[in-house]
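Here's the structure, in structure tokens; my notes come after.
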Amino acid sequence: MNNNNLKTTITIFSMLLCFSLFAQGPPGGGQGGRGGGKGQQREKPDASEILDKLDTNRDNLIDKDEAAADKRGKIAEDFYEIDTNDDGFIDLEELKDSLNDRKKPKKISAKKIIEEVDDNGDETLNELEVAAKGKKALFENFREIDTNEDGELDLEELKVFFKKDADDDKKSKRKKRD
């Protein structure tokens, strides 16, 4: 192979290599100069889109099993807070309200916590149940919440704790404003 053929072959190879690299686009799957740059992200879905995606049986409600199918897990994780009427389903209005209230602290229902965490059905929570369900705030404050010192958290003890917790949040927000 003569010198000119070698140069031509190397040049063609280099061009093909460059074309294949640039055809793939920028790293990370961005759109480069085509309007979909790094700073732009897809808008978050609204409540009706979320309901449509998760409502597999098409009854216009999200039940606990349908919420569990959410890949992000946020609906299932916050199910009892979103289901404000305690009917065991999330409807479109509840979903809209939860999306609009993301910046506000969620009201925690002591009854819902017991339903979610109570494995043995005695309507009280012991330290093992609380730890197993990953309820960090309850676990860390267990002794403080258990005012009658029976080793169980009952509905009234939880109500007092969550009311106190909500009141403390309100006080700290007022201090920040002042």
Side-chain angles (χ1 to χ4, degrees), residues 20-125 128-141 145 153 155 158-159 161-170 172-174 176-177:
S20 67
L21 289 174
F22 287 112
Q24 292 177 12
Q31 294 293 315
R34 289 181 241 163
K38 228 179 190 179
Q40 295 178 343
Q41 294 180 351
R42 181 175 148 11
E43 284 188 33
K44 292 185 179 185
D46 67 7
S48 60
E49 290 173 322
I50 294 170
L51 181 68
D52 187 52
K53 182 177 180 183
L54 296 180
D55 179 24
T56 55
N57 64 3
R58 300 293 173 226
D59 62 355
N60 291 321
L61 300 169
I62 300 172
D63 62 34
K64 189 74 173 150
D65 291 334
E66 290 170 327
D70 178 22
K71 288 183 175 77
R72 296 178 317 136
K74 290 299 291 174
I75 302 291
E77 181 181 313
D78 298 336
F79 189 88
Y80 293 108
E81 287 81 24
I82 298 170
D83 177 25
T84 55
N85 64 5
D86 296 333
D87 66 353
F89 299 97
I90 297 173
D91 61 32
L92 183 59
E93 290 306 311
E94 289 170 324
L95 200 51
K96 282 181 184 177
D97 290 344
S98 75
L99 292 174
N100 292 335
D101 291 341
R102 281 192 178 160
K103 293 182 178 119
K104 297 179 186 175
K106 294 178 181 164
K107 181 182 174 193
I108 300 173
S109 166
K111 181 180 175 187
K112 289 178 184 178
I113 292 292
I114 288 179
E115 289 173 4
E116 182 182 334
V117 177
D118 182 24
D119 285 335
N120 62 9
D122 66 354
E123 296 187 8
T124 62
L125 307 179
L128 183 59
E129 290 171 322
V130 170
K133 296 290 181 166
K135 299 298 181 186
K136 187 177 178 182
L138 293 180
F139 188 75
E140 290 175 350
N141 297 291
I145 300 167
L153 305 181
L155 183 62
L158 289 170
K159 283 181 180 178
F161 173 73
F162 288 128
K163 182 176 180 346
K164 179 184 171 288
D165 198 36
D167 291 345
D168 290 347
D169 284 346
K170 287 178 187 175
S172 68
K173 285 183 180 177
R174 276 191 222 125
K176 287 180 184 177
R177 283 189 225 146

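Positions are given from 1, in the same order as the sequence printed here. Please read these numbers as outputs of a predicted model, since none were measured by experiment.
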Is the shortest distance from a Lys or Arg side-chain nitrogen in Asp83 or Lys64 to a carboxylate oxygen in the other one below 4.0 Å? no

So, Lys74 and Glu77, do they make that salt bridge, N to O below 4.0 Å? yes

Is there a side-chain contact between [X] and [Y] (heavy atoms, below 4.5 Å)?
X: Phe162; Y: Ile113; value: yes
X: Ile90; Y: Leu54; value: no
X: Asp91; Y: Glu94; value: yes
X: Asp55; Y: Arg58; value: yes
X: Leu158; Y: Ile145; value: yes
X: Leu128; Y: Asp119; value: no

Looking at residues at least two apart in the chain, or sitting in another chain, which of them share a salt bridge (charged side-chain N to carboxylate O under 4.0 Å, His left out) with Asp70? none

Which heavy-atom pair separates Ile82 from Ser98 by the least distance, and what is that distance? CG1-CB, 3.8 Å

What one should report as the nearest heavy-atom pair of Ala67 and Phe79 is CB-CD1, 3.8 Å

Spacing of [atom1] belonging to [X] relative to [atom2] belonging to [Y], to within rounding of 0.5 Å:
X: Asp65; Y: Asp63; atom1: CG; atom2: CG; result: 5.0 Å
X: Glu129; Y: Lys135; atom1: CD; atom2: NZ; result: 13.0 Å
X: Phe89; Y: Glu66; atom1: CZ; atom2: CD; result: 8.5 Å
X: Asp46; Y: Leu95; atom1: CG; atom2: CG; result: 9.0 Å
X: Glu116; Y: Leu125; atom1: CD; atom2: CG; result: 10.0 Å

Start with the C-alpha distance between Leu51 and Ile62, add both sets of side-chain angles, then the distance that settles side-chain contact (heavy atoms from CB on, under 4.5 Å), and finish with yes or no. CA-CA 7 Å; Leu51 181 68; Ile62 300 172; 3.5 Å; yes

Please determine whether the number of non-hydrogen atoms from other residues, nucleotides or ligands lying under 6.0 Å from atom CD of Glu123 exceeds 12. no

